[in-house]
Amino acid sequence: MPVRAVWMRGVLPVSAGLLLMVTLAPPAGQAPATVHRTTDWTATTSGMPVRFGVVSPAAPGSLRAATAARPLLRAGARPSGAGALRVRFGPGPGVYGVGQPLTAHLSHPVPQSDRRARAAVEQGLRVTSVPDAGGSWHWVDAQTLHFRPSSFWPAHAVITAHSVLDGVKITDTLYSGRSKALRISTGDRIEAVTDIARFSMTVYRNGQAVRRIAVTTGKEGYRTRTGIKVVLEKQPAVRMKGDSIGIPEDSPDAYDLDVRHAVRVTWSGEYLHAAPWSADAHGRQNVSHGCTGMSTEDAAWLYRTLAPGDVIRVLNGPGPHMDAFSNGYGDWNLSWSRWRAGSALPPPPAAEHAPASAAPRMAPLL
């Protein structure tokens with residue numbers, strides 16, 4: 001769409017002149033298009049050339065900004081000796097549960113103290129979903145970002161992540177290079193909810209309870225973490241030894257077990273799995289070393305039902321709360337306001353928080 005004029009509606013008061021929103025005036029008879037700070041603007045310095053990309057007009061009734069086809073402001077050729085920032089998106093192509101966060105690993109650190117540089121990075125890391133779910137990046141550390149919506153992803157969504165930062169100046173010594181895009185999709189909305197106080201797990205598919213399972217969770221000294229977790233991986237058989245979690249071999253609590261139908265939810269070794277050796281405790285008593293145990297039949301069914309990214313919620317227990325980032329995907333344990341506080345960008349316009357056509361989605365209970 002040819003551009004006739006630009007009106008700048010707002011400017012973020014930083015030295016780099018970071019643009020927040022512009023409206024493009026099209027030829028007569030065509031709908032105007034709006035570009036917000038969440039699309040293609042990046043910081044520039046005086047004297048740097050400005051190049052506009054093609055912009056599509058907003059769809060009728062859309063509450064979100066139209067997205068430009070390429071970066072609007074670029075820095076030109078990378079100076080000799082400057083680093084090339086590249087991005088590796090995760091988790092990798094495939095079908096995931098609705099709780100799967102996206103990740104972006106940067107080849108070079110961008111320090112927390114350089115908020116302008118972090119904002120430039122975020123602006124260039126684009127995430128779209130069909131149906132639209134919105135969302136925000138959150139800086140986990142200087143080289144890692146996670147992206148999630150305010151609620152879980154819609155079921156059967158298609159989600160893409162890509163970078164439009166190629167050639168953009170991030171800092172005086174760091175310019176962005178090309179990065180490979182990622183496309184994933186979500187399956188049914190699966191959530192397994194364990195009520196520790198009732199020694200019971202209820203599995204929901206698309207909001208409907210489909211199975212109740214008698215379980216045992218962590219005993220005193222080995223309490224199962226509460227909060228929201230996400231399935232990391234599945235293993236048909238795992239050898240579990242007490243010394244892997246610091247239990248001496250001569251301790252009364254020592255164990256060495258061949259475990260079937262293991263669904264991993266933390267990197268430290270918490271699983272949902274078959275536990276036939278504790279059958280008398282299922283539905284009655286918590287006797288495990290932190291895992292959630294159940295009958296072999298139930299564990300086999302759960303193993304077939306769950307996939308990476310599915311939601312595991314643990315309620316009503318005395319154990320520690322699941323950490324957001326250090327031990328798997330605990331991202332959903334942060335409220336949306338705390339999650340947004342981990343972004344270097346200002347909040348988007350209110351209309352961008354909830355697209356009018358968004359389908360109802362399962363939300364974390366915080």
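For the single chain, residues carry numbers from 1 onward in sequence order.
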(Q) Please determine whether residues Leu232 and Ile245 belong to a single hydrophobic cluster, defined as Ile, Leu, Val, Met, Phe, Trp and Tyr linked transitively by side-chain heavy-atom distances below 4.5 Å. (A) no

Q: Using the salt bridge (Lys or Arg N to Asp or Glu O under 4.0 Å) rule, take Asp298 and Arg211 through it: C-alpha gap first, then chi angles, then the decisive distance, then the call.
A: CA-CA 9 Å; Asp298 285 331; Arg211 194 175 181 107; 2.9 Å; yes

Q.
I'd like to know whether Ser343 forms a side-chain hydrogen bond (donor to acceptor under 3.5 Å, both in side chains) with Arg340, so could you lay out the CA-CA distance, the side-chain angles of the two residues, the decisive distance to 0.1 Å, and finally the verdict.
A. CA-CA 5 Å; Ser343 168; Arg340 281 288 301 126; 3.2 Å; yes

(Q) Let me confirm one number: the CG-NE2 distance from Asp141 to His105, rounded to the nearest 0.5 Å. (A) 8.0 Å

Q: Give the C-alpha distance, both sets of side-chain angles, the deciding distance and a yes or no for side-chain contact (heavy atoms from CB on, under 4.5 Å) between Asp172 and Lys169.
A: CA-CA 7 Å; Asp172 289 339; Lys169 177 182 176 181; 3.0 Å; yes

Q: Would you check if there is a donor-acceptor pair between the side chains of Thr216 and Ser288 at a distance under 3.5 Å?
A: no

Q: Kindly give the heavy-atom pair with the smallest separation between Tyr255 and Met240, and that separation in Å.
A: CD1-O, 3.6 Å

Q: Please confirm whether the backbone N or O of Gly290 pairs with a side-chain atom of Arg223, one donor and one acceptor, at under 3.5 Å?
A: no

Q. Minimum heavy-atom separation for Pro91 to Tyr96, with atom names?
A. CG-CZ, 3.4 Å

Q. Does the side chain of Asn286 pick up a donor-acceptor pair with the side chain of Thr217 at under 3.5 Å?
A. yes

Q) Is Tyr303 linked to Val238 within one hydrophobic cluster, defined over Ile, Leu, Val, Met, Phe, Trp and Tyr using a side-chain heavy-atom separation of less than 4.5 Å? A) no

Q: Please round to the nearest 0.5 Å and tell me the distance separating atom CD1 of Ile312 and atom CG of Leu302.
A: 6.5 Å

